A.B. asks: 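Once you've had a glance at the structure underneath, I'll fire off some questions.
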Amino acid sequence: MLETMRRHGLILAFFGALMTGMTAVVNLLTKPTIEHQALLQQKTLFDQVIPASVYDNNMQQECYNVTDNALGNNAPHRLYLARKNGQPVAAAVETTAPDGYSGAIQLLVAADFHGKVYGTRVLEQHETPGLGDKIEARVSDWIMHFADTMVDGSNDSRWAVKKDGGMFDQFTGATITPRAVVRSVKRTTLFIETVPAQLSHLTPCGARDE
């Protein structure tokens with residue numbers, strides 16, 4: 001009886017080790033494909049928020065970690081630098097609108113260093129379907145209206161929903177969500193204006209603090 005249990009235990013251990021090894025091999029084989037697809041999706045997103053004519057570098061290879069309350073919280077956010085003929089001209093920043101109706105909304109905002117917004121897209125949101133989720137490009141064209149707008153300083157009162165006297169539409173039955181996005185895009189654009197002065201101090205993505 002004891003010998004049978006020992007044999008069964010060895011068989012189970014063998015198959016457990018075999019399955020673990022197979023899983024590791026599958027992960028190893030599929031990892032490059034997954035990473036490649038993620039890069040393609042990111043490039044597609046960049047193409048949606050910043051015109052190709054604006055820059056000529058590989059923005060994905062110019063990634064920096066930035067921390068500023070203007071980006072919605074104190075967590076590090078990714079900034080991707082756009083260059084033209086070697087000169088920094090704009091940036092795309094992953095930012096947070098912390099005051100959405102159903103929680104934080106993650107955005108990608110692209111702008112130049114003079115207050116011009118090239119575009120923005122939603123990266124993640126948990127807003128109410130049929131109401132707040134209209135911030136998604138796949139649901140409505142509302143998010144497209146940020147393209148080619150200007151932020152004229154922190155006191156630019158146009159940067160609000162129409163209910164608050166601004167220039168952006170709110171949604172019927174849902175004002176909190178668009179209000180949160182408008183505020184975040186404005187704050188992030190103003191932050192991007194400060195980037196040229198910070199370039200020498202930016203930390204590349206993936207770098208470790210010693």
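Small disclaimer: the values here were computed from a predicted structure and weren't measured.
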A.B. asks: Trp159 side chain to Phe168 main-chain N or O, any donor-acceptor pair under 3.5 Å?
C.D. replies: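 Not confirmed, Trp159 side chain does not pair with Phe168 backbone.
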A.B. asks: Without swapping roles, check the side chain of Asn69 against the backbone of Gly72 for a donor-acceptor pair under 3.5 Å.
C.D. replies: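 Checking the backbone N and O of Gly72 against the side chain of Asn69, no donor-acceptor pair under 3.5 Å is found.
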A.B. asks: How about NZ on Lys84, more than 12 heavy atoms from neighbouring residues, nucleotides or ligands closer than 6.0 Å, or not?
C.D. replies: yes
A.B. asks: How close do Pro196 and Ile192 get, counting heavy atoms only, and between which atoms?
C.D. replies: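 So the minimum-distance heavy-atom pair works out to CD-O, 3.8 Å.
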A.B. asks: Determine whether Gln42 and Gln60 satisfy the following criterion, side chain to side chain contact (heavy atoms under 4.5 Å, CB included), listing intermediate values before the conclusion.
C.D. replies: CA-CA 8 Å; Gln42 186 183 59; Gln60 291 170 298; 2.9 Å; yes
A.B. asks: So Gln106 and Val122, do their side chains get closer than 4.5 Å, heavy atoms only?
C.D. replies: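 No, their side chains stay 4.5 Å or more apart.
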A.B. asks: A side-chain contact here means heavy atoms from C-beta on lying under 4.5 Å apart; do Val161 and Thr175 qualify?
C.D. replies: yes
A.B. asks: On a heavy-atom basis, which atom in Asp56 and which in Asn85 lie closest, and how many Å separate them?
C.D. replies: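 It is OD2-N, 2.9 Å.
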A.B. asks: Measuring from atom OG1 of Thr203 to atom CG of Leu79, what distance do you get when rounded to the nearest 0.5 angstrom?
C.D. replies: 11.5 Å
A.B. asks: Identify the two heavy atoms, one from Arg78 and one from Cys63, that lie closest to each other, and give their separation to 0.1 Å.
C.D. replies: CD-SG, 3.8 Å
A.B. asks: Under the ring pair (Phe, Tyr, Trp, His ring centres under 6.0 Å) rule, what pairs show up with a residue in residues 73-128, not counting sequence neighbours?
C.D. replies: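 Non-adjacent pairs meeting ring pair (Phe, Tyr, Trp, His ring centres under 6.0 Å): Phe46-Tyr80.
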A.B. asks: Sequence neighbours excluded, which residues qualify as side-chain contact (heavy atoms from CB on, under 4.5 Å) partners of Ala97?
C.D. replies: Asp99, Ile105, Leu107, Ala180, Ser184
A.B. asks: Assess the residue pair Gln125 and Glu136 against the criterion (side chain to side chain contact (heavy atoms under 4.5 Å, CB included)); give the C-alpha distance rounded to whole Å, side-chain angles, the decisive distance to 0.1 Å, and a yes or no.
C.D. replies: CA-CA 9 Å; Gln125 57 85 19; Glu136 289 272 12; 3.2 Å; yes
A.B. asks: Please report the closest heavy-atom contact between Pro204 and Asn65, naming both atoms and the distance.
C.D. replies: O-ND2, 3.9 Å
A.B. asks: State, with a plain yes or no, whether a side-chain heavy atom of Leu81 is found less than 4.5 Å away from one of Leu202.
C.D. replies: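 They are not in contact (no side-chain heavy atoms under 4.5 Å apart), so the answer is no.
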A.B. asks: Mind checking the CG-OG1 spacing from Asp68 to Thr188? Nearest 0.5 Å is all I need.
C.D. replies: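 Answer for the CG-OG1 pair, Asp68 versus Thr188, is 9.5 Å.
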A.B. asks: Closer than 3.5 angstrom, by distance alone: can the side chain of Lys134 be matched with the main-chain N or O of Phe171 as a donor-acceptor pair?
C.D. replies: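 The answer is no, because no donor-acceptor pair under 3.5 Å joins these two groups.
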A.B. asks: Would you call Arg121 and Met144 a side-chain contact if the rule is heavy atoms closer than 4.5 Å?
C.D. replies: yes
A.B. asks: Is Val109 close to Thr189 at the side-chain level, that is, under 4.5 Å between some pair of heavy atoms?
C.D. replies: yes
A.B. asks: Spell out, as yes or no, whether a donor-acceptor pair under 3.5 Å connects the side chain of Asn57 to the backbone of Arg83.
C.D. replies: yes
A.B. asks: Could you check if a side-chain atom of Thr120 sits within less than 4.5 angstrom of a side-chain atom of Leu108, using non-hydrogen atoms only?
C.D. replies: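 Counting from C-beta outward, Thr120 and Leu108 never come under 4.5 Å.
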A.B. asks: Please tell me if the side chains of Phe191 and Val66 come closer than 4.5 Å, counting only heavy atoms from C-beta onward.
C.D. replies: yes
A.B. asks: Is there a donor-acceptor pair under 3.5 Å between the side chain of Asp156 and the backbone N or O of Gly153?
C.D. replies: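 Checked: no pair found.
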A.B. asks: Can you check side chain to side chain contact (heavy atoms under 4.5 Å, CB included) on Val151 and Leu190, steps first, answer last?
C.D. replies: CA-CA 7 Å; Val151 178; Leu190 291 172; 3.8 Å; yes
A.B. asks: Testing the basics here: between Thr96 and Ala104, what is the closest heavy-atom pair and its distance to 0.1 Å?
C.D. replies: CG2-CB, 3.8 Å
A.B. asks: Backbone N or O of Met150 within a donor-acceptor pair of the Arg158 side chain at under 3.5 Å?
C.D. replies: yes
A.B. asks: Measure the shortest side-chain to side-chain distance between Ile135 and Trp142 over non-hydrogen atoms and say whether it is less than 4.5 angstrom.
C.D. replies: yes
A.B. asks: When rounded to the nearest 0.5 angstrom, what is the spacing between CD1 in Ile176 and CD in Gln170?
C.D. replies: 12.0 Å
A.B. asks: Take Ile50 and Met59 through the side chain to side chain contact (heavy atoms under 4.5 Å, CB included) test and state the conclusion after the steps.
C.D. replies: CA-CA 11 Å; Ile50 184 168; Met59 290 179 61; 4.2 Å; yes
A.B. asks: Given the rule that I, L, V, M, F, W and Y join up when any side-chain heavy atoms are under 4.5 Å apart, are Ile143 and Met167 in one cluster?
C.D. replies: yes
A.B. asks: Following the transitive rule for hydrophobic clusters with a side-chain heavy-atom cut-off under 4.5 Å over Ile, Leu, Val, Met, Phe, Trp and Tyr, establish whether Val54 and Leu45 coincide in one cluster.
C.D. replies: yes
A.B. asks: Is a salt bridge present between Arg179 and Asp164, judged by a nitrogen-to-oxygen distance below 4.0 Å?
C.D. replies: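 Yes, this pair counts.
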A.B. asks: So which atom in Gly132 and which in Ala174 form the shortest heavy-atom distance, rounded to 0.1 Å?
C.D. replies: N-CB, 4.3 Å
A.B. asks: Working to the nearest 0.5 angstrom, can you tell me the gap between Glu124 CD and Glu94 CD?
C.D. replies: 11.0 Å
